[in-house]
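Worth saying up front: this structure is predicted, and the values here are computed from it rather than measured. Sequential numbering from 1 along the given sequence is applied to the chain's residues. Hydrogens, waters and symmetry mates are skipped; everything else that's a heavy atom, side chains included, is used.
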Amino acid sequence: MSVKGGVSERLRAALPAAAEHGVAVLGRGTGARILVGLADGRVAVVAPEGAKP
């Protein structure tokens, strides 16, 4: 992974539990999906603005 130009916050999403087990991004652009490991063992899938999860 490469982060050119630094990292900036674009939006915040409410999750059903606390994030605990890491974050992964699959894909890029509007096709990207962000996976977040939650403290209760579930995985949340977040889609960027305008995309379907």
For residues 15-23, please give each side-chain donor-acceptor pair under 3.5 Å, one per line with the distance, not counting sequence neighbours.
none

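Sorted by first and then second residue, the salt bridge (charged side-chain N to carboxylate O under 4.0 Å, His left out) pairs with a member in residues 34-44 read Asp40-Arg42; sequence neighbours excluded.
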For this session: Test Leu35 against Leu26 for side chain to side chain contact (heavy atoms under 4.5 Å, CB included), laying out the working first.
Result: CA-CA 8 Å; Leu35 294 105; Leu26 303 176; 3.2 Å; yes
